[in-house]
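To start, the structure under review is shown below, and the notes come after it.
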Number of protein chains: 2
Amino acid sequence: MAPRAAAKTAESSDKVGVICRALRRAIIEQALEPGAKLPEDSLGERFGVSRTIARHALGQLAAEGLVELRRNRIAVVATPSWQEARDAFDIRIELERLVVRQLAGKLTKAQVAALNAHVDAEDSSRGGSDAVSIRLATEFHILLASMTNSPILVRYVSEVAYRCCLTLSLYSRPHSSECGVTEHRAIIAALVKGDGPKVMELMHSHLDSVATRALVAPTPQRGRDLLDILAPYAEEDGADRVVKLAKVVRGRTR
Amino acid sequence: MAPRAAAKTAESSDKVGVICRALRRAIIEQALEPGAKLPEDSLGERFGVSRTIARHALGQLAAEGLVELRRNRIAVVATPSWQEARDAFDIRIELERLVVRQLAGKLTKAQVAALNAHVDAEDSSRGGSDAVSIRLATEFHILLASMTNSPILVRYVSEVAYRCCLTLSLYSRPHSSECGVTEHRAIIAALVKGDGPKVMELMHSHLDSVATRALVAPTPQRGRDLLDILAPYAEEDGADRVVKLAKVVRGRTR
DNA sequence: GTGCAACAAAGTGCATGCAATTGAGGCGCT
DNA sequence: AGCGCCTCAATTGCATGCACTTTGTTGCAC
C-alpha cells in the first residue's frame with residue numbers, strides 16, 4: 001500500500017490532518033474520554049499551531065461525529081446516546097457486509113498476508129492494555145475496508161468504526177477481548193475461500209455479537225448521562241424547566 | 001418535521017452552515033458543475049463573510065466529498081470517477097435498504113402524509129427543470145431517512161445521496177425522469193403495508209435501476225475528464241512526462 | 001514561429017487581534 | 001448556611017494581515 005491517496009478529500013494541508021489523526025487515536029484509545037474538553041488554544045499550543053488550525057481540525061472531527069461543537073462553548077469529545085450507539089452498529093454491519101461481499105475470493109496473496117500479520121499483532125497484544133487491543137481490532141476492519149479500493153467505502157467504514165469504538169468506551173464496562181481474534185481469522189479464511197454469503201454472515205454475527213456483548217441493555221440509570229436521561233422529559237412544556245433541572249443535575253454530579 | 005436537530009454535529013455556527021447548504025444545493029441542482037472553481041474570496045464576498053468562514057465551509061463540504069481541496073489551489077466541485085460513482089451507489093443501496101427495513105410498518109399517519117405530499121410535489125414539478133426534479137427526488141430519499149430518527153443514518157444517507165446526485169450530473173446525459181415517481185409511490189405503499197423484505201427489494205431495484213440507467217458504461221472516451229483518462233498512462237516512467245502532457249491538454253481544452 | 005524564463009496577479013496557508021459570549025467565583029442578602 | 005446577583009477571567013467567533021505558492025503572461029533568445 002503505497003501512501004498515494006494521502007490527503008485527497010479532506011485533511012487538506014496536513015497540519016489539520018495531523019491533529020485530526022492524533023485526536024482520533026486519542027479518542028479511540030480512550031486517552032480522551034467522552035465529554036473531555038478540547039479547547040482550541042490548548043490544542044493549538046500542544047500541536048504548535050494557531051487556534052485557526054485547531055479549530056479547523058475540530059470542525060472535521062465534528063463532521064465525523066467524534067467531537068461535539070457547541071456554539072461559544074468548549075468543544076468536547078462526543079457522548080453518543082445508547083440509541084445512537086446501536087444505530088452506528090447497525091449501519092456498520094451493513095457497510096462491512098458490503099466490504100466482505102466485494103472482497104470475497106478477490107484478495108491477493110499480499111493482502112492476505114497483510115491481514116494475517118495484523119491479526120498476529122492483535123494476538124500478541126493480548127497482554128497489553130485494552131486500549132491498544134481495541135484500536136487494533138478496529139484497525140483490522142479498516143484495513144479490510146481499504147482493500148476494496150473504494151475511497152468512499154473506506155471513509156464511511158472508518159468513521160462508523162471509530163464511532164463504535166467511542167461508544168464502546170461509554171457503554172461497555174468490563175471490555176475484555178471485545179473483538180474476537182478468532183472471528184477475525186475465520187473471516188479471513190472465508191474470504192480466501194471465496195464464500196461470499198458465508199463471510200457476510202460471519203461479519204454480521206461478529207459485529208452483532210460485539211454490539212450486543214458491549215451495549216448491555218439501555219442502562220436505565222447508571223451514572224454518567226443524567227442529562228440524556230432527562231432529555232425525554234423535556235418535550236412537554238418548553239425548555240426552560242429542563243434547563244433549570246440541568247443546572248441542578250450539573251451541580252450534583254461534579 | 002420540526003427544525004429540532006438543526007445544527008448539532010457540524011455546521012456549527014450557522015454562517016458556515018448557511019454557506020454549506022447553499023453550496024450543496026447549487027451543486028446538486030447543477031448550478032455548479034463538477035470542476036467549477038470555488039475561490040475562498042469570491043465565496044466570502046458573495047455570502048458576506050470573511051475568507052475564514054468560507055474556508056471552513058469548504059472544509060466541511062470536502063469532508064462530505066462534494067468539493068475537492070488541493071493544497072495552494074482553488075477548491076473545485078468534486079469530479080468523482082466513474083468507479084467512485086458506482087461505489088457510491090452500492091453504498092447507498094445498502095444504507096437505504098436499512099432505512100426502509102427500519103421503517104416498514106412503522107410509519108405514522110403524519111409521516112405517510114408527508115411522504116405523499118412530497119411525491120405530489122415531485123409529480124407537479126415534472127414540467128420544470130431537470131435540476132429541480134432531481135433535487136426533489138433526492139430529497140424524497142432524505143426525507144425517508146430522516147423518519148428513522150437516527151441522526152447518523154440520516155447523515156450518511158444524505159451525504160451519499162448528494163454524491164450520487166453529483167455523479168448523475170457527470171455521467172448521465174439525457175436524464176429525463178431519473179427517479180421514477182411511480183417507484184417512490186410503490187415504496188410508500190409497501191412501507192405502509194409493512195412488508196419489510198418487499199420494500200427492501202423495491203428500494204434496491206429502484207436505486208439500482210437509477211444507477212444503471214444513468215451510469216452508462218465506463219465512458220471510454222467522451223470529452224470532459226481528459227486528465228483522468230490519461231492518468232493510467234502515467235504509471236510507467238515517472239510523473240514528469242505526464243505533467244507535460246497535462247499542460248498540453250490544459251492549453252488545448254481552454 | 002517556437003520554446004523558455006522571469007515577472008506580475010491571484011489565491012491559499014496561517015497567525016494574530018478584537019469583539020462577543022459564557023461559566024465561575026465572590027459578594028451580599030435572607 | 002442557602003440563594004441569587006454581579007463581576008471577571010476564559011474561550012470562542014470572526015476578520016484582517018502577511019508570507020508563500022501557483023498561474024498566466026509578457027518579453028527575449030533561438
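Keep in mind that this is a model prediction, so the values were computed, not measured. Just so we're on the same page: letters track the sequence lines, and every chain starts at 1.
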* Asked: Counting N and O atoms only, with roles assigned by atom type, does the side chain of B:H118 sit under 3.5 Å from a partner on the main chain of B:L136, one being a donor and the other an acceptor?
  -> yes
For atom [atom1] of [X] and atom [atom2] of [N], their distance in whole Å:
{"X": "A:E45", "N": "D:dA10", "atom1": "CD", "atom2": "P", "answer": "13 Å"}
{"X": "A:K37", "N": "D:dT12", "atom1": "NZ", "atom2": "C1'", "answer": "14 Å"}
{"X": "A:L58", "N": "D:dT11", "atom1": "CG", "atom2": "C1'", "answer": "13 Å"}
{"X": "A:H56", "N": "D:dT12", "atom1": "NE2", "atom2": "P", "answer": "17 Å"}
{"X": "B:E40", "N": "D:dT16", "atom1": "CD", "atom2": "P", "answer": "15 Å"}
{"X": "B:E68", "N": "C:dT12", "atom1": "CD", "atom2": "P", "answer": "15 Å"}
{"X": "A:D41", "N": "D:dG13", "atom1": "CG", "atom2": "C1'", "answer": "13 Å"}
{"X": "A:R73", "N": "D:dT11", "atom1": "CZ", "atom2": "C1'", "answer": "11 Å"}

Got a second to check how far [X]'s [atom1] is from [Y]'s [atom2], nearest 0.5 Å?
{"X": "B:I28", "Y": "B:L168", "atom1": "CD1", "atom2": "CG", "value": "11.0 Å"}
{"X": "B:L95", "Y": "A:Y156", "atom1": "CG", "atom2": "OH", "value": "8.0 Å"}
{"X": "B:R155", "Y": "B:S150", "atom1": "CZ", "atom2": "OG", "value": "11.0 Å"}
{"X": "B:R92", "Y": "B:R163", "atom1": "CZ", "atom2": "CZ", "value": "13.0 Å"}

* **Contacts of type side-chain hydrogen bond (donor to acceptor under 3.5 Å, both in side chains), residue A:E45, not counting sequence neighbours** => none
* Asked: What pairs with B:Q102 under side-chain hydrogen bond (donor to acceptor under 3.5 Å, both in side chains), at least two apart in sequence or on another chain?
  -> none
Write down the protein N/O and nucleotide N/O pairs, taken from nucleotides 6-9 of chain D, whose separation is under 3.5 Å; answer none if there are no such pairs.
none

What is the minimum heavy-atom distance between [X] and [Y], and which atoms define it?
{"X": "B:A57", "Y": "B:C20", "answer": "O-SG, 3.7 Å"}
{"X": "A:A161", "Y": "A:T138", "answer": "CB-CG2, 3.8 Å"}
{"X": "B:A63", "Y": "B:E159", "answer": "O-OE1, 4.5 Å"}
{"X": "A:P34", "Y": "A:V77", "answer": "CA-CG1, 3.7 Å"}

* Asked: End-to-end bend of the helix from C:dG1-D:dC30 to C:dT30-D:dA1 (five-pair axes, 10° rounding)?
  -> 0°
* Structure fact -> Among the nucleotides D:dC14, D:dG13, C:dA15, whichever has the atom closest to the side chain of A:I53 is C:dA15
* Side chain of A:S50 - closest among D:dC14, C:dC14, C:dG13 -> C:dC14
Scan nucleotides 17-20 of chain C against the protein and return all N/O pairs shorter than 3.5 Å with their distances rounded to 0.1 Å.
residue: C:dG17; atom: O6; partner: A:R51; partner atom: NH2; Å: 3.0

* Structure fact -> Of A:G48 and B:L38, the one whose nearest nucleotide on DNA chain C sits closer to the 5' end is B:L38
* Asked: Does the side chain of B:R71 get closer than 4.0 angstrom to OP1 or OP2 of C:dT12 through an N or O atom?
  -> no
* Considering residues at least two apart in sequence or located in another chain, which fulfil the side chain to side chain contact (heavy atoms under 4.5 Å, CB included) criterion with A:A114? -> A:M147
